[in-house]
Amino acid sequence: MVKEQLNILIQLAASDNEVAEKEARLIKMIGQSNGVSKEEVEEMLKNPKRPIGDMNTLTDDQKFEYLYNIVQLMKIDGQVFKSEIVFCEDIAQRLGYKKGVIGELSTKIFSDPSITSDRALVKKKAQKYLK
């Protein structure tokens with residue numbers, strides 16, 4: 001499951017045709033904190049797997065974690081491209097959320113992973129967008 005999530009993050013990072021250094025560092029940090037070696041993450045960055053798998057089997061908590069991570073990754077390089085927003089909205093819809101959740105969460109999630117938002121509050125706001 002962790003590798004599937006990393007793959008989605010990698011695809012988001014590459015959606016503007018370039019994986020920024022900050023994006024790669026965040027992906028590596030998320031991978032390593034979930035037991036994926038640095039080497040494995042680097043290999044995944046070089047060769048992202050497509051297509052994105054079935055997300056209907058995820059729990060609500062897992063869906064929220066995906067959502068939180070993709071929004072954080074979208075913002076981490078300090079630039080948000082339309083292609084990244086469209087990708088995030090597509091992933092949100094696949095997770096069972098209305099695409100407006102991306103706009104809502106992007107105002108609550110910080111680009112710097114060391115600044116943590118009130119995850120319970122953010123999750124509560126996201127729940128309102130579940131279909």
Participant: Could you state whether Leu130 and Ile91 fall into the same hydrophobic cluster, counting links through intermediate Ile, Leu, Val, Met, Phe, Trp or Tyr residues with side-chain heavy atoms under 4.5 angstrom apart?
Facilitator: yes
Participant: Look up atom CG in Leu67 and atom CG in Asp60, then write down how far apart they are to the nearest 0.5 Å.
Facilitator: 11.5 Å
Participant: Just verifying a value: how many Å separate Gln62 CD and Leu95 CG, rounded to the nearest 0.5 Å?
Facilitator: 10.5 Å
Participant: Holding to side chain to side chain contact (heavy atoms under 4.5 Å, CB included), I want the full list of residues that pass it with Lys131, two or more places apart in sequence or in another chain.
Facilitator: Gln93, Lys98
Participant: Is it the case that the side chain of Lys75 and the backbone of Ile109 share a donor-acceptor pair, with hydrogens and angles ignored and the cut-off at 3.5 Å?
Facilitator: yes
Participant: Around Lys99, counting heavy atoms of other residues, nucleotides and ligands shown, do more than 12 lie under 6.0 Å from its NZ?
Facilitator: no
Participant: Please enumerate all residues that pass side chain to side chain contact (heavy atoms under 4.5 Å, CB included) together with Thr107, with sequence neighbours excluded.
Facilitator: none
Participant: What is the distance from atom CD of Gln32 to atom NZ of Lys28, rounded to the nearest 0.5 Å?
Facilitator: 8.5 Å
Participant: Decide whether Val80 and Val86 are clustered together by the hydrophobic rule: side chain heavy atoms of Ile, Leu, Val, Met, Phe, Trp, Tyr closer than 4.5 Å, transitively.
Facilitator: no
Participant: For the atom pair CD1 (Ile30) and CG (Leu9), what is the distance rounded to the nearest 0.5 Å?
Facilitator: 5.0 Å
Participant: Under the side chain to side chain contact (heavy atoms under 4.5 Å, CB included) rule, collect the residues that match up with Lys22, sequence neighbours excluded.
Facilitator: Arg25, Ile76
Participant: Over all heavy atoms of both residues, which pair between Val71 and Ser106 is shortest? Give the atoms and the distance, please.
Facilitator: CG1-CA, 3.7 Å
Participant: Under 3.5 Å, which donor-acceptor pairs do the side chains of residues 35-46 form with other protein atoms, sequence neighbours left out?
Facilitator:
unit_1 : atom_1 : unit_2 : atom_2 : d
Ser37  : OG     : Glu40  : N      : 3.0
Ser37  : OG     : Glu40  : OE1    : 3.3
Glu40  : OE1    : Ser37  : N      : 3.3
Glu40  : OE2    : Lys3   : NZ     : 2.5
Glu43  : OE2    : Asn47  : ND2    : 2.5

Participant: Output all residues satisfying side-chain hydrogen bond (donor to acceptor under 3.5 Å, both in side chains) with Glu65, sequence neighbours left out; order by chain, then residue number.
Facilitator: Arg119
Participant: Closest heavy-atom contact between Tyr129 and Gly100?
Facilitator: CE2-C, 3.6 Å
Participant: Closest approach of Val101 and Ala92, non-hydrogen atoms and distance?
Facilitator: CG1-CB, 3.7 Å
Participant: Do Tyr97 and Lys63 have side-chain heavy atoms sitting under 4.5 Å apart?
Facilitator: yes
Participant: Can you list the residues that meet the side chain to side chain contact (heavy atoms under 4.5 Å, CB included) rule with Lys128, with sequence neighbours excluded?
Facilitator: none
Participant: To the nearest 0.5 Å, what is the distance between OH (Tyr68) and CG (Leu73)?
Facilitator: 12.5 Å
Participant: In sequence, state the C-alpha distance, the side-chain angles, and the governing distance for Ile102 and Leu105, and then conclude on side chain to side chain contact (heavy atoms under 4.5 Å, CB included).
Facilitator: CA-CA 5 Å; Ile102 298 302; Leu105 295 189; 5.9 Å; no
